[in-house]
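Here the structure is laid out as structure tokens; the discussion comes afterwards.
Predicted, not measured: the structure shown is a model, and the values here were computed from it. Note that the numbering runs from 1 along the sequence shown for the chain.
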Amino acid sequence: MSQSVWIAGIGMTPFGIHQNSTVRELTSRAVGDALTDSGGRLSEVDVAFFGNTTQGMLEGQAMVPGQIALRSMGLEGIPVFNVENACATGSSALSLAVNQIRAGAAEIALAVGVEKMNVGNTARTMAVFDSAYDVSDPDALARTLIDLGGEIDEPDVGRRSVFMDIYAAMARSHMRQYGTTQEQIAAVAAKNHLHAVSNERAHYRKPMTVNEVLAGRPLSYPLTVPMCAPVTDGAAAVILCSDRALRRLNSVGPVRVRAAVVGTGRDRDISTFAGHLSKAVAERAYEAAGLGPEDIDVAEVHDATAFAEILQTEMVGLVPEGHGGPAALRGETSLGGRIPVNPSGGLESKGHPLAASGLGQIFELTEQLRGASGSRQVEGARIALAENGGGFHRGEEAVTSIIVLESSEPRSRR
């Protein structure tokens, strides 16, 4: 049986616009904080997985970004692997680190994700997203979006990434199949904006009502700007370790990794959500963890748009299929509700620095399992789930990661 893997330390910069910070500086801040949190030293790290998706396109650093960023802070002589898996880059880096430790190839591993997306050229930044689907056949994307969401006649609704059109088409498909409403999607956004108010690391910390979300600038129907993640800079890092290494570290509060599973999709009928990638990966993660969705106390899911939270809560089994919207409107996924989702504020409010987002989820959930989330604390949280998806291919995400974590401290259940 493979040994346990522990999260020994976490670090995360504020997510937002860091005009005067470089990729190296953001990396150093997050990694430094994670090391301090773990009680370890940089010299004890055996291997590093460095996640970044945009530096090559925006700054020209298309190769060895991890070696350059980490070497600048003194990490030398060890294997450094550069990871790119679209918006699931950070969680993929963590999964690789977990497997390295389970295989006995390392005792202490670093997973870090970082982005500097605000570079003073909005057109260049938006063009980054055009590389996260099959660029060899762009017409196929247009056909797929019509198959998903139908043809709609919209006026020019302004600047946005292509992924807002993708999520909008998926939302319209869900609305057609299950009766999901724009008000329910707005309820998710309003809930997450409220959660972010008390998160000092969040990009946006302004509460919004459902009506204010609905009144926001429209993007592709049914989405409005407050339903969508902003363009964000930031970094997050996690120090992982084996059982033996944990005994010599002075971690603030170790958290056990019960499962870390990454998967890609299969060709399927995209007119239905049956067989969706996230559902398949979640089933594998639950099996690996020896748990089920009924055991989850708190979750962070990939809400690049508010609709995505509705879909992913259904796909990972936190609510029945077709019930994600009504559950949000009833407050079931709010702090204090039956199953709190995105207590950090989610990507819509916390922000979405692509390669750092998945590790930002792990930062929040580790704090939750330590009982250290202050006014955002989910009472009695013991088991947590993170879902992190990336890219788009043949009607769904190109990659999905599911991570299941367990507190090392016994807590009373809700």
Side-chain angles (χ1 to χ4, degrees), residues 1-12 30-51 70 75 77-81 83 90-113 236-262 284-292 295-298 300 358-359 361-372 380-386 401-411 413:
M1 181 177 178
S2 61
Q3 64 174 308
S4 294
V5 178
W6 299 87
I7 292 174
I10 51 172
M12 176 177 158
V31 173
D33 287 350
L35 283 167
T36 299
D37 191 54
S38 73
R41 300 184 303 275
L42 193 63
S43 60
E44 295 178 283
V45 176
D46 299 313
V47 61
F49 296 89
F50 180 89
L70 294 171
L75 191 66
I78 67 167
V80 174
F81 296 94
V83 182
S91 56
S92 296
L94 185 140
S95 182
L96 290 166
V98 167
N99 289 338
Q100 193 90 345
I101 293 170
R102 283 181 175 159
E107 289 199 345
I108 298 178
L110 165 68
V112 56
V238 176
I239 299 292
L240 300 114
C241 70
S242 65
D243 289 318
R244 187 168 70 171
L246 184 64
R247 289 193 289 270
R248 71 173 188 263
L249 293 174
N250 186 26
S251 173
V252 169
V255 166
R256 183 184 175 194
V257 180
R258 290 288 294 258
V261 179
V262 178
R284 289 170 52 203
Y286 287 132
E287 182 179 3
L291 299 167
D295 296 306
I296 304 302
D297 298 310
V298 58
E300 288 273 313
L359 293 173
Q361 292 177 326
I362 300 305
F363 182 96
E364 174 69 22
L365 294 178
T366 299
E367 291 277 85
Q368 289 284 346
L369 296 179
R370 290 173 170 177
R382 180 174 169 270
I383 303 292
L385 177 143
S401 160
I402 304 287
I403 296 167
V404 180
L405 305 177
E406 179 183 31
S407 171
S408 61
E409 299 292 333
R411 300 185 189 282
R413 300 299 293 271

- Query: Is a donor on one side and an acceptor on the other found under 3.5 Å between the side chain of Ser408 and the backbone of Pro254?
  - Reply: yes
- Item | Qualifying side chain to side chain donor-acceptor pair (under 3.5 Å) pairs, either residue in residues 31-42, two or more places apart | Asp37-Arg370
- Item | Nearest-0.5 Å distance, OG of residue Ser242 to CH2 of residue Trp6 | 11.0 Å
- Query: Excluding sequence neighbours, so at least two apart, what forms side-chain contact (heavy atoms from CB on, under 4.5 Å) with Asn250?
  - Reply: none
- Message: For a 4.5 angstrom cut-off between non-hydrogen side-chain atoms, does Val238 reach Val112?
- Response: no
- Task: Determine yes or no for a side-chain-to-main-chain donor-acceptor pair under 3.5 angstrom, with Asn99 supplying the side chain and Leu96 the backbone.
- Result: no
- Query: Can you tell me how far CD1 of Ile403 sits from CG of Leu385, rounded to the nearest 0.5 angstrom?
  - Reply: 9.0 Å
- Task: Kindly give the heavy-atom pair with the smallest separation between Arg258 and Arg102, and that separation in Å.
- Result: O-NH2, 3.9 Å
- Short question: side chain of Ser95, backbone of Ser91 - any donor-acceptor pair under 3.5 Å? no
- Any donor-acceptor N/O pair, Asp46 side chain to Glu107 backbone, under 3.5 Å: yes
- To the nearest 0.5 Å, what is the distance between CD1 (Ile239) and CD1 (Ile10)? 11.5 Å
- Distance from Gln3 atom CD to Asp243 atom CG, nearest 0.5 Å? 5.5 Å
- Task: Find the distance between CD1 (Ile383) and CG (Leu365) and round it off to the nearest 0.5 Å.
- Result: 11.5 Å
- Point-to-point distance, once rounded to the nearest 0.5 Å, from CD of Gln361 to CE of Met12: 10.5 Å
- Item | Sub-4.5 Å side-chain heavy-atom contact between Glu44 and Arg248 | yes
